[in-house]
Peer 1: 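After the structure tokens below, expect a handful of questions from me.
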Amino acid sequence: MENHMNDGMVQLNKVTKAYGSFQLDCSMEVQPGMATGFVGANGAGKTTTFQILLGLVPPETGEIRIFGKPYTELTAKDRERIGVSLADSGFSQFLTVRDVTAILRNLYTRFDEARFLEKCQRYELPANKKIKDFSTGMQAKLKLLIAMSHDADLLILDEPTLGLDVMSREAMLEELQEYLDSEGTGGAPRSVLISSHISSDLEKFCDDIYMIDRGKIVLHGETDVLLDSYGILKVDERQYQALDRRYLLAGMREAYGYRLLTNERRYYQENYPDLVMEKGSIDDILILTARGEKL
Ligand SMILES: Nc1ncnc2c1ncn2[C@@H]1O[C@H](COP(=O)(O)OP(=O)(O)OP(=O)(O)O)[C@@H](O)[C@H]1O
């Protein structure tokens with residue numbers, strides 16, 4: 001099947017996998033030209049989802065498509081269109097940037113060697129030092145630069161900012177944004193699927209966000225919409241009893257009363273102007289959605 005613009009770059013449909021008591025059951029989509037964030041607690045199933053997506057781990061059931069094709073039907077040329085950064089993968093720790101450059105040159109027809117070396121230099125990654133002697137942050141930068149080195153149309157990045165200090169994170173996100181904004185094969189839009197524990201990274205960079213909890217997608221929305229229409233209400237018992245609860249999604253008991261999640265922030269601001277309403281970050285939304293009591 002040919003790749004059509006309307007096909008998602010990535011489509012996971014009811015993909016399941018069990019590891020003991022852990023049960024993954026995940027459906028998600030990455031659209032052309034979009035950065036899609038994947039957020040969840042430790043052990044929620046992010047890495048497992050990425051491993052299944054990349055054909056590294058077989059799912060039990062479900063359908064997986066990249067560029068509109070099942071992973072098993074992707075050609076070498078299709079695979080070249082995917083740039084990957086996974087937590088426990090990459091090149092042997094005993095190689096240097098110089099060695100990696102030679103491998104990338106052989107591996108990818110569209111490897112942009114001059115650009116890759118220029119970026120390595122800019123981010124102070126020494127050419128002749130073994131990767132094992134790089135700091136965690138340097139290794140993270142190298143992995144990201146490798147993922148972006150061969151003109152891929154789709155980047156699949158598991159925790160790419162892990163171990164980066166705040167300035168390096170900013171710089172790498174800028175690199176990613178620049179990459180996303182540039183054109184892919186034949187002018188096609190590029191896409192990024194990115195997981196992160198640092199939700200401010202996702203808030204800044206991602207067009208939409210999936211939240212996963214204990215193997216299930218608990219929330220999916222456009223980042224702007226999530227940040228614009230969701231809010232956190234802080235109320236005491238008396239205020240809680242008097243509250244219209246139609247637009248409350250979840251809540252948690254706190255020392256002062258309740259912390260409540262709504263997806264109709266303005267409704268409560270207009271109708272209950274005296275109540276404390278916070279905007280709510282992606283982390284707040286995730287915590288209340290995943291751990292709060294459904295209302
Ligand atoms: N190869 C495996 N064998 C057995 N259990 C596994 C295996 N890989 C993952 N799991 C289990 O699957 C669950 C999901 O793990 P996964 O690594 O996908 O989570 P994650 O969301 O990426 O977490 P983290 O944020 O900590 O990296 C965990 O309970 C983990 O122990």
Side-chain angles (χ1 to χ4, degrees), residues 10-30 35-66 71-72 82-90 93 135-144 146-147 154-166 168-169 172-173 176 191-206 208-221 223 226 250 281-292:
V10 173
Q11 291 160 305
L12 285 159
N13 188 17
K14 299 201 178 80
V15 168
T16 65
K17 177 89 191 170
Y19 283 130
S21 62
F22 174 78
Q23 295 272 349
L24 180 77
D25 183 351
C26 179
S27 297
M28 69 190 300
E29 209 159 306
V30 178
T36 295
F38 198 31
V39 60
N42 291 133
K46 303 179 296 296
T47 299
T48 304
T49 304
F50 282 20
Q51 287 170 334
I52 292 173
L53 183 56
L54 292 169
L56 302 171
V57 163
E60 273 144 28
T61 58
E63 200 186 8
I64 302 133
R65 287 176 177 272
I66 296 186
Y71 197 84
T72 45
I82 309 171
V84 175
S85 166
L86 292 180
D88 53 359
S89 76
Q93 295 274 312
S135 71
T136 314
M138 286 159 81
Q139 295 198 20
K141 283 181 203 170
L142 179 61
K143 272 201 271 186
L144 249 178
I146 291 171
L154 169 67
L155 299 184
I156 297 176
L157 311 171
D158 194 10
E159 294 284 354
T161 55
L162 201 69
L164 292 178
D165 63 53
V166 72
S168 302
R169 242 171 48 215
M172 286 296 127
L173 287 174
L176 271 178
S191 308
V192 178
L193 173 61
I194 176 173
S195 75
S196 181
H197 280 113
I198 305 160
S199 61
S200 59
D201 287 356
L202 302 177
E203 285 174 22
K204 251 186 264 169
F205 178 65
C206 292
D208 69 341
I209 292 182
Y210 284 87
M211 292 185 188
I212 185 167
D213 183 50
R214 296 172 201 167
K216 312 282 178 299
I217 301 294
V218 289
L219 191 68
H220 170 225
T223 316
L226 289 176
S281 64
I282 295 296
D283 279 339
D284 294 324
I285 298 172
L286 174 66
I287 291 166
L288 270 160
T289 303
R291 298 284 170 263

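Throughout, residue positions are numbered sequentially from 1 according to the sequence presented. Hydrogens, waters and symmetry mates are skipped; everything else that's a heavy atom, side chains included, is used. Counting convention: from 1, in listed order, for ligands and their atoms alike.
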Peer 1: I'd like to know whether T47 forms a side-chain hydrogen bond (donor to acceptor under 3.5 Å, both in side chains) with D158, so could you lay out the CA-CA distance, the side-chain angles of the two residues, the decisive distance to 0.1 Å, and finally the verdict.
Peer 2: CA-CA 7 Å; T47 299; D158 194 10; 2.8 Å; yes

Peer 1: Regarding R291 and D213, does a basic nitrogen lie under 4.0 Å from an acidic carboxylate oxygen?
Peer 2: yes

Peer 1: Check each of S196, C206, S195 against F38 using the side-chain contact (heavy atoms from CB on, under 4.5 Å) test, and report the only one that passes.
Peer 2: S195

Peer 1: Report all protein residues having a heavy-atom distance below 4.0 Å to some atom of ligand 1; order the list by chain, then number.
Peer 2: Y19, F22, A41, N42, G43, A44, G45, K46, T47, T48, H197

Peer 1: Taking salt bridge (Lys or Arg N to Asp or Glu O under 4.0 Å) as the cut-off, I'd like each qualifying pair that reaches into residues 191-201, sequence neighbours left out, listed once.
Peer 2: R169-D201

Peer 1: Can you run down the side-chain hydrogen bond (donor to acceptor under 3.5 Å, both in side chains) pairs that involve residues 51-60, sequence neighbours left out, and say none if there aren't any?
Peer 2: none

Peer 1: List for me each residue that meets ring pair (Phe, Tyr, Trp, His ring centres under 6.0 Å) alongside H220, sequence neighbours excluded, and say none if there are none.
Peer 2: Y210

